Trainee: 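Have a look at this one.
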Amino acid sequence: MNRRLIIAVDGPAGAGKSSSSRLLAQRLGYRYVDTGALYRAVGLLALEQNVDPADCAAVEALCDRLELRFLPQPEGIRLFLGDRDITMAIRRPEVSQMASKVSAQPGVRQRLLSVQRELGRGGGVVMEGRDIGTVVFPDADVKFYLDASLEERGRRRYAELRAQEGAESLATTMREMAERDQRDSARAHAPLQRAADAIVVDTTALTLEEVVDTLLRWVRAVEARVDQDGGNRMA
Ligand code: DC
């Protein structure tokens, strides 16, 4: 297999996108790109600078000053805003909500679109988010849509948050997640939706390993088809 694919992974919060995309990328020797981290960085800045997420001009100005870099470190990929490591700060629940609010602004989406396309340039990438298969890379080679029940997604997110300071209750985590799903799916610009040609994987009853194995089987099938198509063209 010579051609390095673009693999899009979309779905709601807590569906298992990040963990499975990271492992899938590792198994394939591909880059892993977490696009939610970009929206979270804008959300973090909006919170810290008291910017109203409904104020288009102010939020867009934050994007224009955004100096973001994903840096691979021994412990994993870290996100830097200028010289500041914001990897942990962007995971806070209030940043999740703010990221969801600022991401509804078309000006923000437009500005981050070119960043995401640049990060996926040349292929060999597993990119996860909400609109990767529909807007960022509508011609992606493989598109996955991961989903799970709200209860299971809430439990997973709660388990992650419990490890951090200032954890909320399970009920609060689930309420906030449902709010975020609703906002992300109902927005006018690039809402969360399944691409017509996406492979749907319900992860509710699957372990992380099982999810990764499922994704990998699909990718291998697409690779075989791409190789065959290439072969046929050469014949
Ligand atoms: O994937 P995440 O939970 O880290 O994303 C945080 C928010 O960012 C999410 O609620 C909506 C927004 N987002 C988006 O609108 N488009 C993407 N491709 C990724 C995230």
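Treat the numbers as computed from the prediction; the structure is a model and nothing was measured. Every number for a ligand or one of its atoms is a count from 1 in the order of the listing.
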Trainee: Give a yes or no on this: more than 12 heavy atoms of other residues, nucleotides or ligands lie within 6.0 Å of atom CG of D64.
Mentor: yes
Trainee: Quick check against the 3.5 Å criterion: does S21 have a side-chain atom that pairs as donor or acceptor with the backbone of V126?
Mentor: no
Trainee: For E67, does the CD atom have more than 12 heavy-atom neighbours from other residues, nucleotides or ligands under 6.0 Å away?
Mentor: no
Trainee: Evaluate side chain to side chain contact (heavy atoms under 4.5 Å, CB included) for Q116 paired with V33, printing each intermediate quantity in order.
Mentor: CA-CA 8 Å; Q116 294 169 86; V33 178; over 6 Å; no
Trainee: Side chain to side chain donor-acceptor pair (under 3.5 Å) with T203: which of E210, R156, E152?
Mentor: R156
Trainee: Check ligand 1 for close polar pairs with the protein: N or O on both sides, less than 3.5 Å.
Mentor:
residue	atom	partner	partner atom	Å
ligand 1	1 (O)	R130	NH1	2.8
ligand 1	3 (O)	R40	NH2	3.1
ligand 1	3 (O)	R130	NH2	3.1
ligand 1	3 (O)	R180	NH1	3.0
ligand 1	4 (O)	R40	NE	2.6
ligand 1	4 (O)	R40	NH2	3.3
ligand 1	10 (O)	R180	NH1	2.8
ligand 1	10 (O)	D184	OD2	2.7
ligand 1	15 (O)	S103	OG	3.4
ligand 1	15 (O)	R109	NH1	2.8
ligand 1	15 (O)	R109	NH2	3.3
ligand 1	15 (O)	R187	NH1	2.9
ligand 1	15 (O)	R187	NH2	3.0
ligand 1	16 (N)	R109	NH2	3.0
ligand 1	18 (N)	T35	OG1	3.1
ligand 1	18 (N)	R130	N	3.0
ligand 1	18 (N)	D131	OD1	3.0

Trainee: If we count only N and O atoms by modelled type, under 3.5 Å, do the side chains of Q193 and Y145 hold a donor and an acceptor together?
Mentor: no
